[in-house]
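Data block below; observations after.
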Amino acid sequence: QKEVEQDPGPLSVPEGAIVSLNCTYSNSAFQYFMWYRQYSRKGPELLMYTYSSGNKEDGRFTAQVDKSSKYISLFIRDSQPSDSATYLCAMSAMNSGGSNYKLTFGKGTLLTVNP
Amino acid sequence: EAQVTQNPRYLITVTGKKLTVTCSQNMNHEYMSWYRQDPGLGLRQIYYSMNVEVTDKGDVPEGYKVSRKEKRNFPLILESPSPNQTSLYFCASSTPGEQYFGPGTRLTVT
């Protein structure tokens, strides 16, 4: 079983739709959960960062972490054509040296929001 | 402006010709890393560095070298590139939990 599983899509939705993107993971040591957005021909950019379980909201974006189910989600409300991108989940654990720099990425979900 | 820069952005080369991709960050971060991104395989870490003169292998280090002589720079070296190293490469610079990526270098080895 891969450490992080993410459905690659593609996912195509109409403008204004609510989008749900998900990842599952197997490593129970993961404590830090991130979502990155990657536009075509660009580097990934950090969108949301969550520690442990719970929800975090930032504008139209909500990140959810369910550690008991080893499942994380990103919700996009009122989706816009400018949200069209690949969304990557990423996770990390605190290592024996006390740092959590090492990220494990999902393979990304390609999202297209149609006007 | 906080940023990670990479050069070159695009490179076409031939098998066996040594090349270096430069990476520089202006955020005074200690941790830097290199990734390659391939269709269907996602982002995979090649090498990382916790600080000056401290480097270690990531998940796919074969065929690559790195150095960290200064805090801001972390070049990726391909001593003898092969076609299977054709990929999109990203440098990243990090605070704990937050990685900032460069714009990418698209490398083609023929």
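We name chains A, B, ... by the order of the sequence lines, and we start the count at 1 in each one.
Of the possible donor and acceptor atoms, none in the side chain of A/Ser69 sits under 3.5 Å from a partner among the backbone N and O of A/Asp66. Between the side chain of B/Arg44 and the main chain of B/Asp38, no donor-acceptor pair closer than 3.5 Å is present. When atom types are taken as modelled, the side chain of B/Gln85 and the backbone of B/Gly63 share a donor-acceptor pair closer than 3.5 angstrom.
Proximity to chain B (any heavy atom under 4.5 Å) is restricted, for A/Gln38, to the side chain, taken from C-beta onward. Only the side chain of B/Gln37 comes within contact range of chain A, with heavy atoms under 4.5 Å apart. When heavy atoms are compared at a cutoff of 4.5 Å, B/Tyr48 does not approach chain A at all. Neither the backbone nor the side chain of B/Tyr100 comes within less than 4.5 Å of any heavy atom in chain A. Residue contact with chain B, scored on non-hydrogen atoms closer than 4.5 Å, is absent for A/Pro8.
Among A/Tyr51, A/Tyr25, A/Tyr49, the single residue meeting the ring pair (Phe, Tyr, Trp, His ring centres under 6.0 Å) criterion with A/Phe33 is A/Tyr25.
Between chain A and the options B/Gly40, B/Ser33, B/Gly102, B/Cys91, heavy-atom pairs under 4.5 Å are most frequent for B/Gly40.
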Practice task
Test side chain to side chain donor-acceptor pair (under 3.5 Å) on A/Thr109 and A/Asp7 and set out the steps.
Solution key: CA-CA 6 Å; A/Thr109 299; A/Asp7 186 337; 5.7 Å; no

